[in-house]
**Q** 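My questions will all concern the structure given below.
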Amino acid sequence: SERLLYIDNIDYEIDFSSRFAPFLQERFLPTINDLSIDSNGHIIAGANIYGLISLPKSSTFLSYLIPETNTSMGNISIARNFNETLIFADRQNLYTANKKGKNISVMLRGIGFVASMDINNNGVIVIGTYGKGISIIGTESSEILSLPKVLPNGNRLDVNEVSEILFLTEKTFLFGLLGTQGKGLYLGDLSNNTITIDKNVNVRRILRDREQNVLVLTDSGEILNYDKEKRSLSTLFEIRNSSLTSCFKQFGDGSIWVCTEGKGLGKLNQSAERVEYVDSKLTANSKFIRELVQDTEGYLWVMTNNGLVRYDHENKTSIKLGEEDGIVDIDFEITASINLPDDRILVAGDTQNCIINSRLANQHINERMQKTTAALLVNLDISEHENRSQQSANTKLYEALDKNSELTLTDDEYLFTLTFAANNFIDRKILGFDYRLVGLDESWTSATSNESKATYSTLPAGNYEFEVRVNDPKSIVDQPI
């Protein structure tokens, strides 16, 4: 049907609807009349309705999590792995998919907004749902069980947020409550029994570290240790001046990270009993960190209220991915992330549920951070004293550029405007410019891609040199002048 197909030479899969949807914002692609790939790996295609389209190289490592049927699926709020299956939820339903995010099917409809979930080794799922409490799915009885709405201490599950669930054994699990009408840490089991561990803590997150210690992060910034033998909590230390915490994670290198709403991305320094926060310049100038996942190469993928960032903590560098990469989510208010097999990660936001092949993505990003882009002079307009309206003088400009010669203006040509552009169509929306007229001002002036021009009036007689360079937020190398 002359549609654009993507053929995966590793997995021998043909994909088109999910592979290119992030770039064309359509479930199905238009008819393709011709196709080419340039030296940078960008796909250039002529298409009906769209005309000439350019798909960036990132289309080879980014795809959507899209049901193959007409099932309507919203943004993902939580996701977990179980064997070869991905289990995840949106605002209404619980879904399953294979390890590549394919063959999506609805597991349970109408469950509501799932705030927390864990799965034991037998495939039993415990979920915490806003306004409904805790449900147990997949036991031998094949029925959906629910914990009593009223806990032994009188707190209600159906009016508070079940902020976290963590299986301790195949039959018992911890869960935390967060809210003004009820809080606490509790121990539940698959027989619908609950035990109160501490009714006075507002639980934000629960983490099992590499040494199998269970850490509880509270709303007030305390980090508590849960003693499984005594079924009690003890304080390890307190994060001073803490903010609301949206994630609390440990990664393969043993580092523990916190995502905060107001103080940014922080790394836990347990020996010093403090959190060391990353400079917000490295997280898209954001201190509101929604979610975090580490890929197989150690890079952190950070979801902020200013967009998605890949952060290299060792080298203190970062790059923000945007629309030019197929990432249209900005706020990530509702988000989830998880590692998938074969170097893939799930990054879910308010409008997109993306699967990123991090190995291919990192190769592309590392090349992109070394990219140089030339600035081009494209237009010259001049105003004379006798004719105040600006007239094009491109012939004069192009001749000077072709011959690498001086451009001479007379005293009567009292006002002129130089327009410039970047030799990079894909990234044109994010690129800016710096320019100056040496001989008049040695300092650089910044310009956006929408205002890429410089105007000068009534210059004193003399020789000047106009310089312009691209300002590329994704590159760490100097751009040519």
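Nothing fancy with the numbering, it's 1 onward along the sequence.
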**Q** I'd like to check Thr194 versus Phe175 (side-chain heavy atoms, cut-off strictly below 4.5 Å). Are they in contact?
**A**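 Yes, their side chains come closer than 4.5 Å.
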
**Q** Hey, is the main chain of Lys316 close enough, under 3.5 Å, to the side chain of Asp312 for a donor-acceptor pair?
**A**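 Not at all, since once roles are kept as given, no pair shorter than 3.5 Å links the two residues.
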
**Q** In sequence, state the C-alpha distance, the side-chain angles, and the governing distance for Phe173 and Leu166, and then conclude on side-chain contact (heavy atoms from CB on, under 4.5 Å).
**A** CA-CA 5 Å; Phe173 54 90; Leu166 177 69; over 6 Å; no

**Q** Would you please test Ser271 and Asn269 for side chain to side chain donor-acceptor pair (under 3.5 Å) and show each step?
**A** CA-CA 6 Å; Ser271 60; Asn269 185 331; 2.9 Å; yes

**Q** Just wondering, do Ile206 and Leu215 contact through their side chains at under 4.5 Å, heavy atoms?
**A**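 No, every pair of side-chain atoms sits at 4.5 Å or beyond.
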
**Q** What's the shortest heavy-atom distance between Lys132 and Lys149, and which atoms?
**A**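 That closest heavy-atom pairing would be O-CE, 2.9 Å.
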
**Q** With a 4.5 Å cut-off on side-chain heavy atoms, are Asn225 and Thr235 touching?
**A**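 Sidechains of Asn225 and Thr235: no contact.
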
**Q** Assess whether atom CD of Glu211 is packed by more than 12 heavy atoms of other residues, nucleotides or ligands within 6.0 Å.
**A**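 Check passes, neighbour count above 12.
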
**Q** Output the distance between atom CD (Gln250) and atom CG (Asn213), rounded to the nearest 0.5 Å.
**A**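 CG of Asn213 is found 9.5 Å from CD of Gln250.
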
**Q** If you compare all heavy atoms of Gly101 against all heavy atoms of Ile355, which two are closest, and at what distance to 0.1 Å?
**A**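 Minimum heavy-atom separation between Gly101 and Ile355: CA-CD1, 3.8 Å.
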
**Q** Under the criterion side-chain contact (heavy atoms from CB on, under 4.5 Å), I'd like the reasoning laid out for Tyr95 against Asp90: C-alpha separation, chi angles, the key distance, then a yes or no.
**A** CA-CA 8 Å; Tyr95 301 85; Asp90 62 7; 2.9 Å; yes

**Q** I'd like to check Arg91 versus Ile334 (side-chain heavy atoms, cut-off strictly below 4.5 Å). Are they in contact?
**A**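 Sidechains of Ile334 and Arg91: in contact.
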
**Q** If I compare all heavy atoms of Asn192 with all of Ser146, which pair ends up nearest, and what's the gap?
**A**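 In this case the closest contact between Asn192 and Ser146 is ND2-O, 3.2 Å.
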
**Q** May I ask you to say whether Arg344 pairs ionically with Asp295, meaning some side-chain N is under 4.0 Å from a carboxylate O?
**A**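 Result for this pair is no, no salt bridge flagged.
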
**Q** Does the distance from a Lys or Arg side-chain N to an Asp or Glu carboxylate O, for Glu276 and Arg274, drop under 4.0 Å?
**A**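 Salt bridge between Glu276 and Arg274, a charged N being under 4.0 Å from a carboxylate O: yes.
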
**Q** Please check if the side chain of Asn75 supplies one atom and the backbone of Asn353 the other of a donor-acceptor pair under 3.5 Å.
**A**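 No, the answer is negative, given that no donor and acceptor are paired below the 3.5 Å cut-off.
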
**Q** More than 12 foreign heavy atoms under 6.0 Å from CD1 of Ile330: is that the case here?
**A**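 Atom CD1 in Ile330 is not packed in, count stays at 12 or less.
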
**Q** Is it true that a side-chain atom of Ser246 and a backbone atom of Ile289 form a donor plus acceptor pair closer than 3.5 Å?
**A**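 Yes, because the side chain of Ser246 sits within donor-acceptor range (under 3.5 Å) of the backbone of Ile289.
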
**Q** Does the plane of the ring in Phe113 sit parallel, tilted or perpendicular to the ring in Tyr130? Use 30° and 60° as the thresholds.
**A**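 Tilted.
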
**Q** Can you check side chain to side chain donor-acceptor pair (under 3.5 Å) on Thr96 and Thr85, steps first, answer last?
**A** CA-CA 7 Å; Thr96 63; Thr85 303; over 6 Å; no

**Q** Could you please spell out the steps behind the side chain to side chain donor-acceptor pair (under 3.5 Å) verdict for Asn202 and Thr218?
**A** CA-CA 5 Å; Asn202 248 327; Thr218 71; over 6 Å; no

**Q** Looking at Ile104 and Ala97, what are the two nearest heavy atoms and their distance?
**A**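 Closest approach of Ile104 to Ala97, heavy atoms only: CG1-CB, 3.8 Å.
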
**Q** Output yes when a side-chain donor or acceptor of Thr335 lies under 3.5 Å from a complementary backbone atom of Ala348, and no otherwise.
**A**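 Indeed, once roles are kept as given, a pair shorter than 3.5 Å links the two residues.
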
**Q** Working to the nearest 0.5 angstrom, can you tell me the gap between Leu86 CG and Leu340 CG?
**A**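 Reported to 0.5 Å precision, the distance equals 6.0 Å.
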
**Q** In sequence, state the C-alpha distance, the side-chain angles, and the governing distance for Lys267 and Val278, and then conclude on side-chain contact (heavy atoms from CB on, under 4.5 Å).
**A** CA-CA 8 Å; Lys267 184 180 181 183; Val278 173; 5.9 Å; no

**Q** Distance from Leu207 atom CG to Trp257 atom CH2, nearest 0.5 Å?
**A**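 One finds 14.5 Å between CG of Leu207 and CH2 of Trp257.
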
**Q** Measuring only between side-chain heavy atoms, which start at C-beta, is Leu360 closer than 4.5 Å to His364?
**A**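 No, their side chains stay 4.5 Å or more apart.
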
**Q** Looking only at non-hydrogen atoms, find the nearest pair between Arg208 and Gln212 and report the distance.
**A**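 That closest heavy-atom pairing would be CD-OE1, 3.0 Å.
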
**Q** Kindly check if the number of other-residue, nucleotide or ligand heavy atoms within 6.0 Å of NZ (Lys199) is above 12?
**A**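 Counting neighbours around NZ of Lys199, 12 or fewer heavy atoms of other residues, nucleotides or ligands fall under 6.0 Å, so no.
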
**Q** Under a 4.0 Å threshold between the charged nitrogen and the carboxylate oxygen, would Arg310 count as salt-bridged to Glu297?
**A**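 Judged by the 4.0 Å cut-off on N to carboxylate O distance, Glu297 and Arg310 do not form a salt bridge.
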
**Q** Within the structure provided, determine whether Leu321 and Trp301 are in side-chain contact (heavy-atom separation under 4.5 Å).
**A**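 Side-chain contact under 4.5 Å: yes.
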
**Q** Find the distance between CG (Leu185) and CG (Asn200) and round it off to the nearest 0.5 Å.
**A**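 Atom-to-atom, Leu185:CG and Asn200:CG are 11.5 Å apart.
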
**Q** Closer than 4.0 angstrom, basic N to acidic O: yes or no for Arg204 and Asp219?
**A**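 Salt bridge flag = yes for Asp219 with Arg204.
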
**Q** May I ask you to decide whether Arg436 forms a salt bridge with Asp441, counting only side-chain N to carboxylate O separations under 4.0 Å?
**A**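 Salt bridge absent between Arg436 and Asp441.
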
**Q** Ignoring hydrogens and angles, tell me if any N or O in the side chain of Thr129 forms a donor-acceptor pair with the backbone of Val114 under 3.5 Å.
**A**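 Looks like no, no N/O pair under 3.5 Å.
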
**Q** Near Asp478 CG, under 6.0 Å, is it more than 12 heavy atoms from other residues, nucleotides or ligands?
**A**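 It does not: Asp478 CG has 12 such atoms or fewer within range.
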
**Q** Short question: side chain of Glu170, backbone of Val124 - any donor-acceptor pair under 3.5 Å?
**A**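 Side chain of Glu170 to backbone of Val124, a donor-acceptor pair under 3.5 Å: no, none is there.
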
**Q** Counting N and O atoms only, with roles assigned by atom type, does the side chain of Asp329 sit under 3.5 Å from a partner on the main chain of Phe332, one being a donor and the other an acceptor?
**A**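 Side chain of Asp329 to backbone of Phe332: no pair is present.
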
**Q** Are the aromatic rings of Tyr299 and Tyr311 close, with centres under 6.0 Å apart?
**A**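 Between Tyr311 and Tyr299, which both carry aromatic rings, the centre distance is not below 6.0 Å.
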
**Q** Verify the distance criterion only: is there a donor paired with an acceptor across the side chains of Thr169 and Thr172 at less than 3.5 Å?
**A**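 Per modelled atom types, Thr169 and Thr172 side chains form a pair under 3.5 Å.
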
**Q** Are Val275 and Lys263 side-chain neighbours, meaning at least one heavy-atom pair lies under 4.5 Å?
**A**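 No, too far: nothing below the 4.5 Å cut-off.
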
**Q** Give a yes or no answer on whether the side chain of Asp325 reaches the backbone of Gly322 with a donor-acceptor pair at less than 3.5 Å.
**A**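 Yes; at least one donor-acceptor contact below 3.5 Å.
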
**Q** Got a second to check how far Met303's CE is from Ser286's OG, nearest 0.5 Å?
**A**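 Answer rounded to 0.5 Å: 12.0 Å.
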
**Q** One pair to check against side-chain contact (heavy atoms from CB on, under 4.5 Å): Gln479 and Asp434. What are the steps and the verdict?
**A** CA-CA 10 Å; Gln479 300 300 311; Asp434 299 318; over 6 Å; no

**Q** Contact between Thr317 and Leu282 at the side-chain level, heavy atoms closer than 4.5 Å - yes or no?
**A**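 Heavy-atom side-chain distance check fails, nothing below 4.5 Å.
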
**Q** Apply salt bridge (charged side-chain N to carboxylate O under 4.0 Å, His left out) to residues Lys249 and Asp209 and explain how you reach the verdict.
**A** CA-CA 9 Å; Lys249 294 187 174 184; Asp209 68 14; over 6 Å; no

**Q** Pair Asp342, Arg359 - check salt bridge (charged side-chain N to carboxylate O under 4.0 Å, His left out), show working.
**A** CA-CA 9 Å; Asp342 303 325; Arg359 178 178 55 83; over 6 Å; no

**Q** Start with the C-alpha distance between Asp253 and Ser255, add both sets of side-chain angles, then the distance that settles side chain to side chain donor-acceptor pair (under 3.5 Å), and finish with yes or no.
**A** CA-CA 6 Å; Asp253 59 358; Ser255 61; 2.7 Å; yes

**Q** Would you say Asn93's side chain and Gly110's backbone share a donor-acceptor pair under 3.5 angstrom?
**A**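 Indeed, once roles are kept as given, a pair shorter than 3.5 Å links the two residues.
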
**Q** Any salt bridge (charged side-chain N to carboxylate O under 4.0 Å, His left out) pairs touching residues 116-129, not counting sequence neighbours?
**A**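 Applying salt bridge (charged side-chain N to carboxylate O under 4.0 Å, His left out) to every pair that reaches into residues 116-129, excluding sequence neighbours, yields nothing.
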
**Q** Is it true that Arg290 and Asp331 have a side-chain N and a carboxylate O under 4.0 angstrom from each other?
**A**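 Yes, Arg290 and Asp331 are salt-bridged.
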
**Q** Would you say Ser163's side chain and Val203's backbone share a donor-acceptor pair under 3.5 angstrom?
**A**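 It does hold such a pair.
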
**Q** To the nearest 0.5 angstrom, please state how far the CD atom of Glu314 sits from the CG atom of Leu300.
**A**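 It comes to 11.5 Å.
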
